[in-house]
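These notes concern the structure reproduced below.
This is a predicted model, so every value here is computed, not measured.
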Amino acid sequence: MLEHIQTIVKNIHFWDIAVIATNIFLFVFAGLILNLIQGRKLDSHRRPRLLTLRALSFFLLILYVLSLIPGITFGVKDCNNDSCATEIIKLLTESGVTLIVSYVLMFLAHLLIIKRFGRVKEVQGETIHYETYQSRLVTIVILAVVTSFLLLTLLSIWSLESWLRQTTVLGGLVVIIYFTKDLWLPDNINGLILLYKTDVIPGSLVRVKKLDLLGVTLRTSLIETAFRDLVHGQRIVIPNAMFRNQVIEILNREDKTSFKDYVEFNIGYGTEVKVIKSFLQSTWESACELESGINADYEPRFNVINTGDHAVTWRLSYSLQNPYRIKKAQMAISEAALVSSDEFSIGLNTPITHRILEP
(Lines give C-alpha, C1' and ligand atoms only; values in the text may rest on other atoms or scores of the structure.)
Protein backbone atom coordinates (compact mmCIF):
# COMPACT_ATOMS: atom_id res chain seq x y z
CA MET A 1 0.00 0.00 0.00
CA LEU A 2 2.76 2.42 0.98
CA GLU A 3 4.75 1.55 -2.12
CA HIS A 4 1.66 2.05 -4.23
CA ILE A 5 1.06 5.52 -2.76
CA GLN A 6 4.75 6.41 -3.15
CA THR A 7 4.58 5.40 -6.79
CA ILE A 8 1.52 7.56 -7.39
CA VAL A 9 3.00 10.57 -5.60
CA LYS A 10 6.24 10.18 -7.52
CA ASN A 11 4.42 10.19 -10.85
CA ILE A 12 2.01 13.06 -10.07
CA HIS A 13 2.69 16.08 -12.25
CA PHE A 14 2.17 19.75 -11.57
CA TRP A 15 -0.97 19.69 -13.73
CA ASP A 16 -2.53 17.01 -11.50
CA ILE A 17 -1.80 19.02 -8.37
CA ALA A 18 -3.28 22.11 -10.01
CA VAL A 19 -6.49 20.22 -10.84
CA ILE A 20 -6.84 18.88 -7.29
CA ALA A 21 -6.24 22.35 -5.82
CA THR A 22 -8.72 23.84 -8.28
CA ASN A 23 -11.42 21.39 -7.23
CA ILE A 24 -10.85 22.15 -3.57
CA PHE A 25 -11.03 25.87 -4.37
CA LEU A 26 -14.26 25.38 -6.35
CA PHE A 27 -15.85 23.39 -3.54
CA VAL A 28 -15.03 26.00 -0.90
CA PHE A 29 -15.60 29.19 -2.91
CA ALA A 30 -18.30 28.07 -5.37
CA GLY A 31 -20.82 30.55 -3.93
CA LEU A 32 -18.44 33.47 -4.23
CA ILE A 33 -17.54 32.56 -7.80
CA LEU A 34 -21.19 32.35 -8.89
CA ASN A 35 -21.94 35.67 -7.18
CA LEU A 36 -19.11 37.36 -9.07
CA ILE A 37 -20.25 35.89 -12.39
CA GLN A 38 -23.89 36.85 -11.89
CA GLY A 39 -23.22 40.19 -10.26
CA ARG A 40 -25.82 39.59 -7.56
CA LYS A 41 -26.37 37.41 -4.53
CA LEU A 42 -27.62 33.86 -4.86
CA ASP A 43 -31.30 33.45 -4.15
CA SER A 44 -33.22 30.24 -3.56
CA HIS A 45 -33.77 29.33 -7.22
CA ARG A 46 -30.05 29.76 -8.07
CA ARG A 47 -28.87 27.44 -5.28
CA PRO A 48 -29.08 24.32 -7.49
CA ARG A 49 -26.23 25.79 -9.58
CA LEU A 50 -24.14 26.17 -6.45
CA LEU A 51 -24.88 22.61 -5.37
CA THR A 52 -24.12 21.25 -8.83
CA LEU A 53 -20.74 22.97 -9.03
CA ARG A 54 -19.79 21.75 -5.56
CA ALA A 55 -21.01 18.23 -6.33
CA LEU A 56 -18.82 18.05 -9.45
CA SER A 57 -15.72 19.15 -7.59
CA PHE A 58 -16.43 16.88 -4.64
CA PHE A 59 -17.10 13.88 -6.91
CA LEU A 60 -13.79 14.36 -8.70
CA LEU A 61 -11.91 14.59 -5.39
CA ILE A 62 -13.51 11.33 -4.24
CA LEU A 63 -12.38 9.63 -7.43
CA TYR A 64 -8.83 10.81 -6.81
CA VAL A 65 -8.91 9.36 -3.31
CA LEU A 66 -10.26 6.05 -4.60
CA SER A 67 -7.53 5.89 -7.22
CA LEU A 68 -5.01 5.60 -4.38
CA ILE A 69 -6.47 2.24 -3.32
CA PRO A 70 -4.64 -0.71 -4.96
CA GLY A 71 -6.74 -2.78 -7.32
CA ILE A 72 -9.23 -0.05 -8.29
CA THR A 73 -8.77 0.70 -11.99
CA PHE A 74 -12.23 2.15 -12.88
CA GLY A 75 -12.39 -0.23 -15.83
CA VAL A 76 -9.08 0.92 -17.34
CA LYS A 77 -7.44 -1.97 -19.17
CA ASP A 78 -3.91 -2.66 -20.38
CA CYS A 79 -2.10 -0.87 -17.58
CA ASN A 80 0.57 -2.43 -15.36
CA ASN A 81 0.90 -1.83 -11.64
CA ASP A 82 3.39 1.01 -12.00
CA SER A 83 1.63 3.02 -14.65
CA CYS A 84 -2.00 2.20 -13.83
CA ALA A 85 -2.39 4.76 -11.04
CA THR A 86 -0.81 7.49 -13.14
CA GLU A 87 -3.04 6.59 -16.06
CA ILE A 88 -6.16 6.68 -13.88
CA ILE A 89 -5.27 10.10 -12.46
CA LYS A 90 -4.68 11.37 -15.98
CA LEU A 91 -8.09 10.13 -17.10
CA LEU A 92 -9.77 11.57 -14.01
CA THR A 93 -8.02 14.89 -14.55
CA GLU A 94 -9.18 15.14 -18.13
CA SER A 95 -12.70 13.99 -17.23
CA GLY A 96 -12.95 16.43 -14.34
CA VAL A 97 -11.76 19.36 -16.41
CA THR A 98 -14.23 18.42 -19.16
CA LEU A 99 -17.15 18.23 -16.73
CA ILE A 100 -16.41 21.50 -14.95
CA VAL A 101 -15.59 23.42 -18.13
CA SER A 102 -18.78 22.15 -19.80
CA TYR A 103 -20.88 23.18 -16.81
CA VAL A 104 -19.30 26.63 -16.53
CA LEU A 105 -19.71 27.19 -20.28
CA MET A 106 -23.37 26.18 -20.07
CA PHE A 107 -23.83 28.47 -17.08
CA LEU A 108 -22.23 31.45 -18.86
CA ALA A 109 -24.20 30.73 -22.03
CA HIS A 110 -27.42 30.70 -20.02
CA LEU A 111 -26.62 34.11 -18.53
CA LEU A 112 -25.89 35.53 -21.99
CA ILE A 113 -29.13 34.06 -23.35
CA ILE A 114 -31.14 35.62 -20.52
CA LYS A 115 -29.44 38.96 -21.19
CA ARG A 116 -30.07 38.74 -24.93
CA PHE A 117 -33.50 37.11 -25.17
CA GLY A 118 -34.87 37.45 -21.63
CA ARG A 119 -36.59 40.38 -19.98
CA VAL A 120 -36.13 42.47 -16.88
CA LYS A 121 -38.93 43.47 -14.52
CA GLU A 122 -39.15 44.94 -11.06
CA VAL A 123 -41.35 42.86 -8.75
CA GLN A 124 -42.09 44.26 -5.29
CA GLY A 125 -38.88 46.29 -5.27
CA GLU A 126 -36.68 43.47 -6.63
CA THR A 127 -35.21 43.46 -10.15
CA ILE A 128 -35.78 40.06 -11.76
CA HIS A 129 -34.20 38.75 -14.97
CA TYR A 130 -36.65 36.18 -16.28
CA GLU A 131 -36.80 33.81 -19.21
CA THR A 132 -38.98 34.00 -22.28
CA TYR A 133 -40.07 31.39 -24.80
CA GLN A 134 -37.19 32.33 -27.10
CA SER A 135 -34.54 32.21 -24.39
CA ARG A 136 -35.74 28.80 -23.17
CA LEU A 137 -35.66 27.32 -26.69
CA VAL A 138 -32.14 28.63 -27.28
CA THR A 139 -31.11 27.22 -23.90
CA ILE A 140 -32.47 23.79 -24.82
CA VAL A 141 -30.53 23.79 -28.10
CA ILE A 142 -27.29 24.84 -26.40
CA LEU A 143 -27.85 22.29 -23.63
CA ALA A 144 -28.24 19.53 -26.22
CA VAL A 145 -25.05 20.63 -28.00
CA VAL A 146 -23.00 20.88 -24.79
CA THR A 147 -24.33 17.54 -23.51
CA SER A 148 -23.45 15.82 -26.78
CA PHE A 149 -19.98 17.36 -26.74
CA LEU A 150 -19.51 16.29 -23.11
CA LEU A 151 -20.62 12.72 -23.77
CA LEU A 152 -18.43 12.30 -26.85
CA THR A 153 -15.42 13.81 -25.07
CA LEU A 154 -15.79 11.56 -22.02
CA LEU A 155 -16.16 8.46 -24.20
CA SER A 156 -13.05 9.49 -26.11
CA ILE A 157 -11.05 10.07 -22.91
CA TRP A 158 -11.92 6.62 -21.56
CA SER A 159 -11.57 4.95 -24.99
CA LEU A 160 -15.21 3.88 -25.02
CA GLU A 161 -16.18 5.10 -28.49
CA SER A 162 -17.36 1.59 -29.29
CA TRP A 163 -20.35 2.19 -27.00
CA LEU A 164 -21.84 4.45 -29.63
CA ARG A 165 -21.82 1.57 -32.10
CA GLN A 166 -23.59 -0.78 -29.72
CA THR A 167 -27.36 -0.76 -30.21
CA THR A 168 -27.84 -2.10 -26.66
CA VAL A 169 -26.48 1.10 -25.14
CA LEU A 170 -28.50 3.42 -27.37
CA GLY A 171 -31.55 1.19 -26.96
CA GLY A 172 -31.17 1.35 -23.20
CA LEU A 173 -31.10 5.15 -23.31
CA VAL A 174 -34.24 5.16 -25.48
CA VAL A 175 -36.02 2.82 -23.06
CA ILE A 176 -35.07 5.02 -20.08
CA ILE A 177 -36.33 8.14 -21.85
CA TYR A 178 -39.57 6.42 -22.86
CA PHE A 179 -40.44 5.07 -19.42
CA THR A 180 -39.59 8.34 -17.66
CA LYS A 181 -41.36 10.64 -20.10
CA ASP A 182 -44.44 10.88 -17.87
CA LEU A 183 -42.27 12.36 -15.12
CA TRP A 184 -40.68 15.22 -17.08
CA LEU A 185 -42.41 15.65 -20.46
CA PRO A 186 -45.80 17.14 -19.31
CA ASP A 187 -44.14 19.76 -17.09
CA ASN A 188 -41.67 20.70 -19.84
CA ILE A 189 -44.36 21.10 -22.49
CA ASN A 190 -46.58 23.15 -20.19
CA GLY A 191 -43.57 25.25 -19.15
CA LEU A 192 -42.86 26.14 -22.78
CA ILE A 193 -46.54 27.02 -23.28
CA LEU A 194 -46.52 29.32 -20.25
CA LEU A 195 -43.38 31.06 -21.50
CA TYR A 196 -44.79 31.39 -25.01
CA LYS A 197 -48.18 32.85 -24.03
CA THR A 198 -46.61 35.44 -21.64
CA ASP A 199 -49.79 35.65 -19.55
CA VAL A 200 -48.08 34.49 -16.38
CA ILE A 201 -44.80 36.38 -16.05
CA PRO A 202 -42.79 37.55 -13.01
CA GLY A 203 -44.89 40.15 -11.22
CA SER A 204 -48.25 38.72 -12.33
CA LEU A 205 -50.82 38.49 -9.55
CA VAL A 206 -52.45 35.09 -9.97
CA ARG A 207 -55.42 33.47 -8.27
CA VAL A 208 -56.21 29.75 -8.60
CA LYS A 209 -59.15 28.86 -6.38
CA LYS A 210 -58.79 25.07 -6.61
CA LEU A 211 -55.18 25.27 -5.46
CA ASP A 212 -56.01 27.91 -2.83
CA LEU A 213 -53.41 30.14 -4.47
CA LEU A 214 -53.26 33.92 -4.42
CA GLY A 215 -49.72 35.03 -5.09
CA VAL A 216 -47.21 36.97 -7.13
CA THR A 217 -45.38 35.05 -9.86
CA LEU A 218 -41.63 34.86 -9.31
CA ARG A 219 -40.38 32.69 -12.18
CA THR A 220 -41.36 29.97 -14.63
CA SER A 221 -38.98 27.17 -15.59
CA LEU A 222 -39.53 24.06 -17.71
CA ILE A 223 -40.45 22.07 -14.61
CA GLU A 224 -42.29 24.38 -12.21
CA THR A 225 -43.62 27.85 -11.53
CA ALA A 226 -42.79 29.66 -8.29
CA PHE A 227 -45.02 32.17 -6.51
CA ARG A 228 -44.86 34.42 -3.44
CA ASP A 229 -48.00 33.92 -1.36
CA LEU A 230 -49.77 37.26 -0.95
CA VAL A 231 -51.05 36.49 2.54
CA HIS A 232 -48.30 34.59 4.32
CA GLY A 233 -45.33 35.59 2.17
CA GLN A 234 -43.94 32.07 1.79
CA ARG A 235 -42.62 30.66 -1.48
CA ILE A 236 -44.98 28.28 -3.31
CA VAL A 237 -43.75 25.99 -6.10
CA ILE A 238 -46.27 24.24 -8.37
CA PRO A 239 -45.49 21.78 -11.22
CA ASN A 240 -46.36 23.31 -14.57
CA ALA A 241 -48.71 20.49 -15.60
CA MET A 242 -50.75 20.85 -12.39
CA PHE A 243 -50.80 24.66 -12.66
CA ARG A 244 -52.02 24.86 -16.27
CA ASN A 245 -54.73 22.27 -15.60
CA GLN A 246 -56.58 24.77 -13.39
CA VAL A 247 -58.69 27.88 -14.01
CA ILE A 248 -56.14 30.70 -13.69
CA GLU A 249 -57.21 34.25 -12.89
CA ILE A 250 -54.63 36.91 -13.79
CA LEU A 251 -55.57 39.89 -11.67
CA ASN A 252 -53.15 42.59 -12.85
CA ARG A 253 -52.86 42.48 -16.61
CA GLU A 254 -51.03 45.46 -18.10
CA ASP A 255 -53.94 46.24 -20.44
CA LYS A 256 -56.31 46.77 -17.49
CA THR A 257 -56.58 50.32 -16.18
CA SER A 258 -58.29 49.25 -12.96
CA PHE A 259 -58.97 46.11 -11.03
CA LYS A 260 -62.35 45.24 -9.55
CA ASP A 261 -63.14 42.92 -6.67
CA TYR A 262 -66.14 42.21 -4.47
CA VAL A 263 -67.22 41.03 -1.04
CA GLU A 264 -70.54 39.28 -0.43
CA PHE A 265 -72.83 39.42 2.60
CA ASN A 266 -75.77 37.21 3.52
CA ILE A 267 -78.47 39.44 5.03
CA GLY A 268 -81.74 38.07 6.33
CA TYR A 269 -85.16 38.88 4.89
CA GLY A 270 -87.20 41.70 6.42
CA THR A 271 -84.63 44.51 6.13
CA GLU A 272 -85.51 47.32 3.72
CA VAL A 273 -83.43 47.59 0.57
CA LYS A 274 -82.58 51.26 1.14
CA VAL A 275 -81.29 50.45 4.64
CA ILE A 276 -79.09 47.67 3.25
CA LYS A 277 -77.68 49.97 0.57
CA SER A 278 -76.95 52.64 3.18
CA PHE A 279 -75.19 49.99 5.24
CA LEU A 280 -73.05 48.90 2.27
CA GLN A 281 -72.25 52.53 1.37
CA SER A 282 -71.14 53.21 4.94
CA THR A 283 -69.07 50.02 4.91
CA TRP A 284 -67.25 51.08 1.75
CA GLU A 285 -66.55 54.60 3.00
CA SER A 286 -65.13 53.29 6.26
CA ALA A 287 -63.01 50.72 4.39
CA CYS A 288 -61.51 53.48 2.20
CA GLU A 289 -60.29 55.17 5.36
CA LEU A 290 -58.81 51.92 6.67
CA GLU A 291 -57.09 50.79 3.46
CA SER A 292 -55.38 53.05 0.90
CA GLY A 293 -55.39 50.30 -1.74
CA ILE A 294 -59.13 50.83 -2.33
CA ASN A 295 -59.81 53.37 -5.06
CA ALA A 296 -62.02 55.99 -3.42
CA ASP A 297 -62.56 57.81 -6.76
CA TYR A 298 -64.77 55.01 -8.12
CA GLU A 299 -68.14 54.59 -6.44
CA PRO A 300 -69.05 51.03 -5.37
CA ARG A 301 -71.92 48.99 -6.79
CA PHE A 302 -74.47 47.02 -4.78
CA ASN A 303 -76.26 44.05 -6.36
CA VAL A 304 -78.48 41.20 -5.23
CA ILE A 305 -76.77 37.97 -6.26
CA ASN A 306 -79.05 35.34 -4.83
CA THR A 307 -82.35 35.15 -3.00
CA GLY A 308 -81.76 32.05 -0.94
CA ASP A 309 -83.94 30.10 1.43
CA HIS A 310 -82.62 31.84 4.53
CA ALA A 311 -81.01 35.10 3.34
CA VAL A 312 -80.38 37.44 0.45
CA THR A 313 -76.82 37.52 -0.88
CA TRP A 314 -75.68 41.10 -1.51
CA ARG A 315 -72.48 41.86 -3.39
CA LEU A 316 -70.39 44.98 -2.71
CA SER A 317 -68.26 45.59 -5.82
CA TYR A 318 -65.39 48.06 -5.57
CA SER A 319 -62.27 49.14 -7.44
CA LEU A 320 -58.64 48.72 -6.40
CA GLN A 321 -55.81 51.00 -7.41
CA ASN A 322 -53.24 48.49 -6.13
CA PRO A 323 -54.21 44.85 -6.84
CA TYR A 324 -51.36 43.57 -4.66
CA ARG A 325 -53.37 44.81 -1.64
CA ILE A 326 -56.47 42.80 -2.47
CA LYS A 327 -56.37 40.77 0.75
CA LYS A 328 -55.85 43.86 2.87
CA ALA A 329 -58.80 45.51 1.10
CA GLN A 330 -61.04 42.51 1.77
CA MET A 331 -60.07 42.49 5.44
CA ALA A 332 -60.71 46.25 5.70
CA ILE A 333 -64.19 45.84 4.22
CA SER A 334 -64.98 42.96 6.57
CA GLU A 335 -63.88 45.02 9.56
CA ALA A 336 -65.86 48.05 8.40
CA ALA A 337 -68.93 45.88 7.78
CA LEU A 338 -68.76 44.51 11.30
CA VAL A 339 -68.76 48.03 12.77
CA SER A 340 -71.48 49.32 10.43
CA SER A 341 -73.73 46.34 11.10
CA ASP A 342 -74.13 47.50 14.69
CA GLU A 343 -75.00 51.03 13.58
CA PHE A 344 -77.70 49.81 11.16
CA SER A 345 -78.83 46.85 13.30
CA ILE A 346 -78.18 44.42 10.48
CA GLY A 347 -77.08 40.89 11.28
CA LEU A 348 -74.32 39.48 9.08
CA ASN A 349 -74.92 35.92 10.24
CA THR A 350 -77.14 33.87 7.95
CA PRO A 351 -80.36 33.28 9.93
CA ILE A 352 -81.92 29.83 10.24
CA THR A 353 -85.54 30.08 9.13
CA HIS A 354 -88.39 27.68 8.59
CA ARG A 355 -91.97 27.92 7.51
CA ILE A 356 -94.82 25.70 8.62
CA LEU A 357 -97.09 24.86 5.70
CA GLU A 358 -100.80 24.84 6.39
CA PRO A 359 -102.52 21.48 5.80
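Between F243 and F227, the two ring planes are tilted [angle within 30° to 60°].
Each of N295, I294, N252 was evaluated against L320; a single residue qualifies, I294, per the side-chain contact (heavy atoms from CB on, under 4.5 Å) test.
Using a 4.5 Å heavy-atom threshold, the side chains of L105 and V146 count as separate. Looking at heavy atoms from C-beta onward, D261 lies out of side-chain contact with L251 at the 4.5 angstrom threshold.
What you find for P300 and L316 is that their closest heavy atoms are CB-CD2, 4.3 Å. The shortest non-hydrogen separation linking A332 to L290 is O-CD1, 3.8 Å. Closest approach of V231 to D229, counting heavy atoms only: N-OD2, 2.9 Å. The shortest non-hydrogen separation linking D187 to L183 is OD2-O, 4.0 Å. A pairwise comparison of heavy atoms in F279 and L348 identifies CZ-CD2, 3.7 Å as the closest pair. When all heavy atoms of Y318 and I326 are compared, the pair lying nearest together is OH-O, 4.4 Å.
Between the side chain of R228 and the main chain of G233, a donor-acceptor pair closer than 3.5 Å is present. Within the 3.5 Å criterion, the main-chain N or O of S204 finds a donor-acceptor partner in the side chain of T217.
Within 6.0 Å of atom CZ in F344, more than 12 heavy atoms from other residues, nucleotides or ligands are found, so the atom counts as buried in its surroundings. Shown here is K181, whose NZ atom has more than 12 heavy atoms of other residues, nucleotides or ligands within 6.0 Å.
Of the inter-residue distances, the one linking I140 atom CD1 with T147 atom OG1 reads 11.5 Å to the nearest 0.5 angstrom. Atoms OG and CG, on S135 and L112 in that order, are 12.5 Å from each other to the nearest 0.5 Å. A distance of 10.5 Å separates CD1 in I113 from CG in L137, rounded to the nearest 0.5 Å. Atom OG1 of T283 and atom CD1 of I346 lie 8.0 Å apart (nearest 0.5 Å). Rounded to the nearest 0.5 angstrom, N240 CG and L192 CG are separated by 9.0 Å. Between the CG atom in L213 and the CD atom in E249 there is a gap of 10.5 Å [rounded to 0.5 Å].
Under 4.0 Å is where a charged nitrogen must lie from a carboxylate oxygen, and between E131 and R136 at least one such pair does.
Cluster annotation: I236 is connected to V200 through the hydrophobic network of ILVMFWY side chains, with a link wherever side-chain heavy atoms come within less than 4.5 Å.
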